[in-house]
Structure formats: structure tokens, C-alpha cells
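Predicted, not measured: the structure shown is a model, and the values here were computed from it. Computation of the quantities below employed the complete heavy-atom set of this structure, encompassing side-chain atoms and omitting hydrogens, waters and symmetry-equivalent molecules.
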Amino acid sequence: MNLDNLLRKNIKTLQPYSSARDEYTGEAMVFLDANENPFNYPYNRYPDPLQRELKEKIARLKGVTPEQIFLGNGSDEPIDLLIRAFCEPGEDALAIIDPTYGMYQVAAGINNVNVKKISLTESFELDARELLKNTDEKTKLVFLCSPNNPTGNCLDKNAVLEVVQNFPGIVVLDEAYIDFAPGKSLLPQLKEFPNLVILQTFSKAWGMAGIRLGMAFASPEIISVFNKIKYPYNLNILTQQKALELIENKKQTEKWIKLLIAEREKMTKLLQDFPFVEHIYPSDANFILVKMHDARGVYEYLKEKGVIVRDRSKVHLCAESLRITIGTSEENGQLLLALKELI
Ligand SMILES: *Cc1c(COP(=O)(O)O)cnc(C)c1O
């Protein structure tokens with residue numbers, strides 16, 4: 001794969017901003033180079049533009065090198081940067097599966113980039129050949145999501161690999177929920193695929209949606225494209241500090257994951273007994289998609305009871321379905337109680 005042929009022309013030739021912290025990165029006694037205020041340490045200082053300390057920690061955690069990591073303001077940032085780097089507005093396209101996470105299409109729309117939607121099968125599987133057939137030389141990116149939102153299932157690994165190996169552009173695999181699907185990440189194979197970008201996040205299993213920290217893993221060549229076009233100081237100090245703390249305490253996250261998986265299995269079993277529940281789709285994530293009689297009515301009823309779920313009934317292939325996030329045992333109990341009263 002030749003990255004230069006895929007990149008937008010203006011991005012290829014772009015001269016990136018060079019910050020004070022880019023030009024001098026070592027330790028020094030006196031920093032008088034960035035027009036910072038000398039008071040109010042450490043918040044007076046600009047953060048490390050490349051987040052070296054945090055990347056070292058994440059690299060060890062994930063079994064990759066720091067050069068294979070980009071960190072952004074949520075996953076939203078790498079999604080947007082990928083489109084801006086590779087898709088010429090008004091000309092190029094990206095391909096997504098349908099149904100999937102809504103942000104890819106919105107980010108494409110903001111950038112005036114066409115979207116090709118390739119339907120999953122009725123059982124929410126990826127048809128790799130159908131997807132490849134629907135891409136052309138203008139299609140620069142494919143977005144896959146596994147476990148997929150809102151369906152909850154992991155895409156078949158062979159189907160994903162068929163796309164990665166045969167699509168001539170960049171394949172983005174969004175693994176936001178992969179911590180709830182142990183052993184199913186493609187990250188251990190990242191090095192084999194120079195056109196693969198894997199997205200993960202601190203928003204779900206790590207319980208840190210509020211600090212806005214998303215990760216992209218890819219070849220050092222692709223990562224340097226991200227670094228060239230991102231805002232110079234895209235991750236603030238507070239986020240970097242909090243994330244470092246969180247990783248020190250990763251046993252807690254592992255506990256949460258175990259607990260949430262157990263709750264997911266419990267909820268899947270218990271919800272089956274309700275007469276209005278028609279089908280519970282198998283989930284590898286921290287939510288379940290439930291098909292039921294009169295989903296909208298159940299949604300409105302639950303809302304009255306103070307329990308908010310997501311109505312996905314209008315989404316392709318998800319008619320009459322609610323997406324239910326797995327909460328604490330108590331919260332899930334409240335949902336069950338409310339549903340019992342509905343019978
Ligand atoms: C929740 C979610 C994310 C996370 O987005 P952040 O911007 O990192 O909070 C990414 N992808 C999918 C599919 C999601 O459902």
C-alpha cells in the first residue's frame with residue numbers, strides 16, 4: 001500500500017504547525033519559549049503534544065509500540081481526522097455497514113464526503129464480498145464496527161479480514177466495546193495489515209466517557225499523518241493525568257468488565273421470560289438489543305417510570321427494538337421491576 005496515493009493532495013504537501021514543545025522536547029531548568037505564565041504549575045504549562053508518557057503506558061497495556069498509537073479527544077477525533085486526511089470533499093466516499101454507529105455518517109456529512117451503506121445480513125453479519133463490490137476507486141475508507149453498535153455482535157473475523165486484505169484503501173475497525181469481548185480484538189494482528197486502523201476508547205469499559213480519550217492504533221506511517229493534522233495540543237493535561245491514574249488502577253476496570261459481562265448474561269436470560277419480548281440478540285458489548293412487541297410503547301412507558309433506554313426501532317434491520325445499556329445490578333433490577341409491572 002502506498003499511503004501517498006491515498007492521501008488528499010493538500011495533506012500530502014501540508015507543512016504542519018511546529019509548537020515550542022515540538023522544537024524543544026528535553027528537560028530544562030528554565031522554560032521561556034512558549035509565552036506561558038510562570039505561575040499556577042502544572043496547569044500553566046502546555047501539555048505534551050505527543051503525550052509520550054501516556055503512550056508508553058498504553059503501549060505496554062496493549063502490546064504495541066508508542067509509534068503505533070494516536071490519542072484523541074474521544075474516538076470522534078480520529079474518525080474526523082481519517083476523513084479529512086483521505087477523502088477529498090465533494091469527490092471521495094467512504095463505506096459503512098448498516099446499521100452501525102451514527103458518527104461515521106455525520107463526520108462524513110460535515111466533510112462533504114459521500115457515504116455508501118452496505119447492509120448487514122438479517123442476523124447482523126458482514127457480507128464482505130457485497131461490501132467490496134460496492135466500493136470503487138473513489139472509496140478511500142471503510143468503517144467497520146465490532147462489536148457493532150447498536151446490534152451488539154462481533155463481526156465474523158474472517159469476513160473482516162477479507163475486507164482488510166482486499167480493500168485497496170484504509171479499513172477502520174472500531175473496537176469501542178472490545179473489552180467486553182475478550183480475545184476477539186484484531187489488535188494482536190495489527191502489524192500484518194498496513195491499511196488497518198483500530199479504534200478503541202476509554203469511554204466504555206474504562207468508565208471515562210467524561211475525560212474524552214480515544215485511541216487509534218495503526219502503522220507508524222498512518223499515525224504520523226494523524227500527528228501532522230491534529231490540533232497541536234489536542235489532549236489537555238487533566239485528561240492525560242486522569243488516564244495515567246486509571247491505568248495504574250486497571251484491576252478496577254477488569255472488575256467492572258467481569259461484573260458487566262455477568263450482568264449482561266443475567267439480563268439476557270431474565271428478559272427472555274417477558275411475554276412481549278420477541279428476541280434478544282446475542283451481545284459481545286455492554287448493551288443488548290431487544291426486539292419486542294410495541295417497542296415504542298415500552299420505551300414511553302419506561303420513560304414515565306424514569307428508566308431511559310434507546311429506541312432503535314427506526315434503524316435499518318432493527319424494527320421494534322430497544323437498545324438497553326447494562327447498568328449496575330440495582331439499575332438493571334429497576335428496569336426489570338418496571339417491566340414486570342407492565343405485564
Ligand atoms: C461509544 C462509542 C464510541 C466512543 O466514542 P468516544 O468519542 O471515544 O466517546 C466509539 N465508537 C462506537 C461504535 C461507540 O458506540
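- Atom NZ of Lys12 has more than 12 heavy atoms from other residues, nucleotides or ligands within 6.0 Å.
- Within the 4.5 Å cutoff, the side chain of Leu235 has no heavy atoms near those of the Pro47 side chain.
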Notebook entry, point to check: So Ser224 and Asn227, side chain to side chain donor-acceptor pair (under 3.5 Å) or not? Walk me through it.
Noted result: CA-CA 5 Å; Ser224 48; Asn227 289 338; over 6 Å; no
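- A side-chain donor from one of Asp22 and Ser19 sits under 3.5 Å from a side-chain acceptor of the other.
- A donor-acceptor pair shorter than 3.5 Å cannot be found between the side chains of Gln68 and Lys62.
- You'll find the side chain of Leu81 reaches within 4.5 Å of the side chain of Glu77, heavy atoms only.
- Taking the six-membered ring for Trp, Tyr101 and Phe143 have ring centres at least 6.0 Å apart.
- Between Ile69 and Leu54, every side-chain heavy-atom pair lies at or beyond the 4.5 Å cut-off.
- Counted by atom type alone, Tyr231 and Asn73 present zero donor-acceptor pairs between their side chains at under 3.5 Å.
- Of the N and O atoms on the side chains of Arg212 and Asn236, not one donor lies less than 3.5 Å from an acceptor on the other residue.
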Next item on the list: Could you walk me through whether Glu130 and Asn134 pass the side chain to side chain donor-acceptor pair (under 3.5 Å) test, one step at a time?
Entry: CA-CA 6 Å; Glu130 183 66 19; Asn134 280 283; 3.2 Å; yes
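- Aromatic ring pairs are classed by plane angle as parallel below 30°, tilted from 30° to 60° and perpendicular above 60°; the pair Tyr281 and His279 is perpendicular.
- By the 4.5 Å side-chain criterion applied to Ile, Leu, Val, Met, Phe, Trp and Tyr, Tyr24 is assigned to a cluster that also includes Phe31.
- Cluster partners of Leu32, by chain and number: Met29, Val30. The rule joins Ile, Leu, Val, Met, Phe, Trp and Tyr whenever side-chain heavy atoms lie under 4.5 Å apart.
- A donor atom on one side chain and an acceptor atom on the other are found under 3.5 Å apart for Gln51 and Asn234.
- Counted within 6.0 Å of OH on Tyr46, heavy atoms from surrounding residues, nucleotides or ligands total 12 or fewer; the atom is thus considered open.
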